[in-house]
Amino acid sequence: MGQTVHYYLIFETAGGFCGIAWNNIGITRFQLPTRSADATERNLLRRLPGAEPGTPAPEVVEAVAAARRYFAGEEIDFSGFTLDIGEQEPFFERIYAATRRLGWGHTTTYGAMAKELGAGPEAARDVGQAMARNPVPLIIPCHRVLAAGGKVGGFSAPGGSVAKARMLELEGVHIGPVQPAQQSFGF
């Protein structure tokens, strides 16, 4: 069977440069904003080597417009977009489906999601791993899943937990001051 061709587009939003990739089935990757188109493209291609720049299908054009509106502060529901995120463990598929149902401005915790899915508290770590491996952040809104006690928790996207807190603030969810994992150099 031939290799599926992935196409991508880098685009600018009020939050920075985002990237989106797709194939003939659906959206396969989403890259959260960075300060430069080059950095976004590098990050996207690191996860999807061999993808080619392409002309987006109508649904991808719609997703790009929705992402632009989202980062401009408009309430957007991404749950209707068609995804192709490849083979996932069945529990990860259930986690992603539950995360897609989390609406604008709503949050849950890793532990609460594990419990909602009928798993014990030890599955909270699996929920965290699924969020860290999410190939389409924002479209599967992993930024809405928090650590215990409503703390921001980790975020593997550019900008880390500060970016996660900013996205939540766009949605009217205010989290206490974020402790960055590392000192930034305030350029």
Within-4.5 Å side-chain heavy-atom neighbours: [X] and [Y]:
X      : Y      : result
Pro53  : Tyr7   : no
Met131 : Tyr110 : yes
Arg100 : Ile139 : yes
Leu9   : Val64  : yes
Pro141 : Thr99  : yes
Thr109 : Val145 : no
Arg29  : Ile20  : no
Arg35  : Phe17  : no

Task: salt bridge (charged side-chain N to carboxylate O under 4.0 Å, His left out): pairs with one or both residues in residues 50-67, sequence neighbours excluded - done: none

- [ ] Indicate whether any N or O donor in one side chain lies under 3.5 Å from an N or O acceptor in the other, for Asp77 and Ser79.
- [x] yes

Open item on the list: Can you confirm whether the side chains of Tyr70 and Glu75 place a donor and an acceptor under 3.5 Å from each other?
Closed with: no

Starting at [atom1] of [X], measure out to [atom2] of [Y] and round the result to the nearest 0.5 Å.
X     : Y      : atom1 : atom2 : result
Asn23 : Thr28  : CG    : OG1   : 5.5 Å
Gln31 : Leu45  : CD    : CG    : 9.5 Å
Leu32 : Arg166 : CG    : CZ    : 12.0 Å
Cys18 : Asn43  : SG    : CG    : 11.5 Å

So, the side chain of [X] versus the backbone of [Y]: is there a donor-acceptor pair under 3.5 Å, distance only?
X      : Y      : answer
Ser161 : Lys164 : no
Tyr8   : Leu48  : no
Arg68  : Ala14  : no

Write down the atom of [X], the atom of [Y], and the distance for their closest heavy-atom approach.
X      : Y      : answer
Asn134 : Cys142 : ND2-SG, 3.3 Å
Gly15  : Phe71  : N-CB, 3.8 Å
Ser36  : Thr34  : O-OG1, 2.9 Å

TODO: State which residues pass salt bridge (Lys or Arg N to Asp or Glu O under 4.0 Å) with Glu171; sequence neighbours excluded, sorted by chain then number.
DONE: Arg144

Open item on the list: For residues Leu83 and Val5: do they belong to one hydrophobic cluster (side chain heavy atoms under 4.5 Å, members Ile, Leu, Val, Met, Phe, Trp, Tyr)?
Closed with: yes

TODO: Go through the steps to decide whether Ile27 and Val136 satisfy the test side chain to side chain contact (heavy atoms under 4.5 Å, CB included), and finish with yes or no.
DONE: CA-CA 8 Å; Ile27 296 166; Val136 287; 4.1 Å; yes

Open item on the list: Would you call the rings of Phe81 and Phe78 parallel, tilted or perpendicular, taking 30° and 60° as the class edges?
Closed with: tilted

- [ ] Begin with the C-alpha distance, continue with both residues' side-chain angles, and end with the deciding distance and a verdict on side chain to side chain contact (heavy atoms under 4.5 Å, CB included) for Gln88 and Tyr96.
- [x] CA-CA 10 Å; Gln88 300 287 335; Tyr96 291 144; 3.7 Å; yes

